[in-house]
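Contents: one structure, followed by commentary.
The figures here come from the full heavy-atom set of this structure, side chains too, leaving out hydrogens, waters and symmetry mates.
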Amino acid sequence: MKPWLCLVFFTSAFLIWHAEAEFFTSIGQMTDLIYAEKDLVQSLKEYIRAEETKLSQIKSWAEKMDVLTSKSTSDPEGYLAHPVNAYKLVKRLNTDWLELENLVLQDTTNGFITNLTIQRQFFPTEEDETGAAKALMRLQDTYKLDPETLSRGNLPGTKYRSSLTVSDCFGMGKTAYNDGDYYHTVLWMEQALKQHDEGEDTTVSKVEILDYLSYAVFQFGDLHRAMELTRRLISLDSTHERAGSNLRYFEKLLEKEREKPSNKTVATTEPVVQSGAYERPLDYLPERDIYEALCRGEGVKMTPQRQKRLFCRYHDGNRNPHLLIAPFKEEDEWDSPHIVRYYDVMSDEEIEKIKQLAKPKLARATVRDPKTGVLTVASYRVSKSSWLEEDDDPVVAKVNQRMQQITGLTVKTAELLQVANYGMGGQYEPHFDFSRRPFDSTLKSEGNRLATFLNYMSDVEAGGATVFPDFGAAIWPKKGTAVFWYNLFRSGEGDYRTRHAACPVLVGCKWVSNKWFHERGNEFLRPCGRTEVD
């Protein structure tokens, strides 16, 4: 196959794979960007070598001509008295200098520019950069990391340390500002200003930083600090029209506040402050504080009394013939609702094969709109997932059969094996696995999601726990293990205690796969209980 045909084939395959890709939602797919950047660096180095060769030739010519002209200009007539010198002068000016001109005009950028142009169509988009910035802010909030910690790259379990520049911090602040998020605007613009004041070399000016920071501070009602920052801006750039206009406006507001009775509380002069910073605004998630505390390993309600009720054992699937000789190690993670962990469920080879099968199919994970029932992407679920059928590879059927043997439930009415890879700050906020929507078409034919079998296919250096805010449990990923719980009581009613979440991945790459077992086909495998909550 010709080289250019190989390039076209690779490019087409890459384009199909990453069409409208959201790179920040999957670390697994972001690895492709590493190799793309490496290829660009090699292309750039080849361009530099070509330029250096060209400049070396030009320099050699210049040095040679410098020696020659020094000699000829010292005695022009005497020099030209020799006929060979006269001939060579004519030849140089008619031919040799033209060749030098062609050398100087020679374009060595073609290879690099062509490669860059091809690669650029697969680069992350503005949406990716915004998503990546918001992911860092999500990690900052969930794990209570100050901007200084993130900027210096002081994260646990990191092998390759990296830091943020003034420009990076400024970009974070701008992303928050454009999203109307003044809380993070203040935090990141302050960090950018701090690093700028420390003398870090940057193309971002203090005026630009102060412009955003002063307005964001004003949005929190901190009028005095907004004026202080604006005055500092004007001292650096007295011609800044917007700053001058803002300062006059702030002064008028302050004058009005002074005219009001002193016993009245005024929002514009008394911002809400917490721990020396502005308070983080409340959002749509009622259990936000509990959820994030569990992600940090705080507030886990594992009491000594509960611990005594948890055991480990060998599990043979109720004397399943396939497991009698080689039962699985089973460990209680929680007593009520009962959550268990199984060890050595998937081998490293099986995990790698499943990842290999899933990676080309990965697409942004969706959620069902509670009002319309339509599948859509959401900021509270940041990952990519794919669905594997048994026909895709024998390993899929093998893993499915193993889950059936362990649980004693049938996979005939279960959903396909879902494989998920979490991206930057990848998470899935608190949710139920079982459906609470009467319009779900699968409820009539297959019943509700009876149980969840979750395989951890990677270790995670920091973060990424599975947490249950209702009863305060946190389960940490461990490669090759799996956790299992029932989403429904034996009566078929949903167990609302099983509302759970996948915490943001702080450091690492999280891969999981799961199987949702449905009610149909399991009526006699898990019979009804005597009461509604059995």
Legend entry - Distance in Å, Gln356 CD paired with Asp392 CG, rounded so as to fall on 0.5 Å steps: 12.0 Å
Inset, instruction - Report yes if the side chains of Phe471 and Ile339 come closer than 4.5 Å at any heavy-atom pair, otherwise no. - result: yes
Legend entry - Lys144/Glu298 salt bridge by N-O under 4.0 Å criterion: no
Legend entry - Geometric cation-pi criterion, Lys510 with Tyr422: 6.0 Å, 45°: yes
Legend entry - Side chain proximity check, Ser458 to Cys509, heavy atoms < 4.5 angstrom: no
Inset, instruction - Check for a donor-acceptor pair, side chain of Arg319 on one end and backbone N or O of Leu324 on the other, with a separation under 3.5 Å. - result: no
Inset, instruction - Could you check if a side-chain atom of Arg138 sits within less than 4.5 angstrom of a side-chain atom of Val382, using non-hydrogen atoms only? - result: yes
Legend entry - CA sep, side-chain torsions, deciding dist, call: Gln418, Asn514, side chain to side chain donor-acceptor pair (under 3.5 Å): CA-CA 5 Å; Gln418 180 181 224; Asn514 70 278; 2.9 Å; yes
Legend entry - Contact check, side chains of His315 and Val340, non-hydrogen atoms, under 4.5 Å: no
Legend entry - Sub-6.0 Å ring centroid separation between Phe468 and Trp334: no
Inset, instruction - Keeping the roles fixed (side chain from Asn320, backbone from Gly408), state whether a donor-acceptor pair exists under 3.5 Å. - result: no
Legend entry - Val166 backbone acceptor or donor facing Glu200 side chain under 3.5 Å: yes
Legend entry - is_close_aromatic(Tyr496, Phe434), centroid dist under 6.0 Å: yes
Inset, instruction - Using the test ring pair (Phe, Tyr, Trp, His ring centres under 6.0 Å), find all partners of His431 that sit at least two apart in sequence or belong to another chain. - result: Tyr428, His500
Legend entry - Test item: Asp168 side-chain N/O and Thr165 main-chain N/O as donor-acceptor pair under 3.5 Å: yes
Inset, instruction - Check the pair Asp332, Arg313 against salt bridge (charged side-chain N to carboxylate O under 4.0 Å, His left out), reporting the backbone distance first and the verdict last. - result: CA-CA 9 Å; Asp332 293 330; Arg313 63 192 72 83; 2.7 Å; yes
Legend entry - Flag, side chain of Gln119 to backbone of Leu116, donor-acceptor distance under 3.5 Å: no
Inset, instruction - Would you confirm whether Asp344, through its side chain, and Gly480, through its main-chain N or O, come within 3.5 Å as a donor-acceptor pair? - result: no
Inset, instruction - From the options Lys308, Gln307, Arg306, select the one residue that forms a side-chain hydrogen bond (donor to acceptor under 3.5 Å, both in side chains) with Asp335. - result: Arg306
Legend entry - Reported CZ-to-CH2 distance for the pair Arg449 and Trp516, which is rounded to 0.5 angstrom: 4.0 Å
Inset, instruction - Indicate yes or no for a side-chain donor-acceptor contact from His518 to the backbone of Gly447 under 3.5 Å, with no hydrogens or angles considered. - result: yes
Legend entry - Greater than 12 external heavy atoms within 6.0 Å of Lys194's NZ: yes
Inset, instruction - Answer yes or no: is there a donor N or O on one side and an acceptor on the other, between the side chain of Ser26 and the main chain of Lys384, under 3.5 Å? - result: no
Legend entry - CG on Leu33 to CZ on Phe122, rounded to 0.5 Å: 11.5 Å
Inset, instruction - Mark yes when over 12 heavy atoms from residues, nucleotides or ligands other than Glu129 sit less than 6.0 Å from its CD; otherwise mark no. - result: no
Inset, instruction - May I have the step-by-step check of salt bridge (charged side-chain N to carboxylate O under 4.0 Å, His left out) for Lys353 and Glu350, ending in yes or no? - result: CA-CA 5 Å; Lys353 186 61 179 180; Glu350 289 172 332; over 6 Å; no
Legend entry - Aromatic plane relationship, Phe484 with Tyr342 - under 30° parallel, 30 to 60° tilted, over 60° perpendicular: tilted
Inset, instruction - List for me each residue that meets side chain to side chain contact (heavy atoms under 4.5 Å, CB included) alongside Arg288, sequence neighbours excluded, and say none if there are none. - result: Arg280, Asp283, Tyr284, Leu285, Tyr291, Glu292, Glu429
Legend entry - Check: Asp433 and Thr498 side chains under 4.5 Å, non-hydrogen atoms: no
Legend entry - Side-chain touch Glu352/Lys355, heavy atoms, less than 4.5 angstrom: yes
Legend entry - Donor + acceptor pair across side chains of Ser513, Asn455 (<3.5 Å): yes
Legend entry - Beyond-backbone contact of Met189 with Tyr177, side-chain heavy atoms, under 4.5 angstrom: no
Legend entry - salt bridge (charged side-chain N to carboxylate O under 4.0 Å, His left out) between Lys134 and Asp181, intermediate numbers included: CA-CA 10 Å; Lys134 288 182 178 180; Asp181 177 4; over 6 Å; no
Legend entry - Pairwise side-chain contact, Val345 with Phe453, heavy-atom cut-off 4.5 Å (strictly under): yes
Legend entry - Spacing of SG belonging to Cys169 relative to CG belonging to Leu187, to within rounding of 0.5 Å: 11.0 Å
Legend entry - Side-chain donor/acceptor of Ser43 to backbone N/O of Asp39, under 3.5 Å: no
Legend entry - Interatomic distance, Thr481 atom OG1 to Lys329 atom NZ [nearest 0.5 angstrom]: 11.0 Å
Inset, instruction - First locate atom CD1 of Ile118, then atom CD1 of Ile113, and finally report the distance between them rounded to the nearest 0.5 Å. - result: 11.5 Å
Inset, instruction - Check the surroundings of atom CD in Glu523: do more than 12 heavy atoms from other residues, nucleotides or ligands lie under 6.0 Å from it? - result: yes
Inset, instruction - Under the side chain to side chain donor-acceptor pair (under 3.5 Å) rule, what do Ser336 and Arg497 come out as? Steps first, then yes or no, please. - result: CA-CA 9 Å; Ser336 181; Arg497 298 173 300 171; 2.9 Å; yes
Inset, instruction - Check the surroundings of atom NE2 in His338: do more than 12 heavy atoms from other residues, nucleotides or ligands lie under 6.0 Å from it? - result: yes
Legend entry - Side-chain donor-acceptor pair present, Gln191, Gln195, cut-off under 3.5 Å: yes
Legend entry - Any donor-acceptor pair under 3.5 Å from Asp393 side chain to Val396 backbone: no
Legend entry - Arg296 to Tyr143 six-membered ring, cation-pi geometry met (6.0 Å, 45°): no
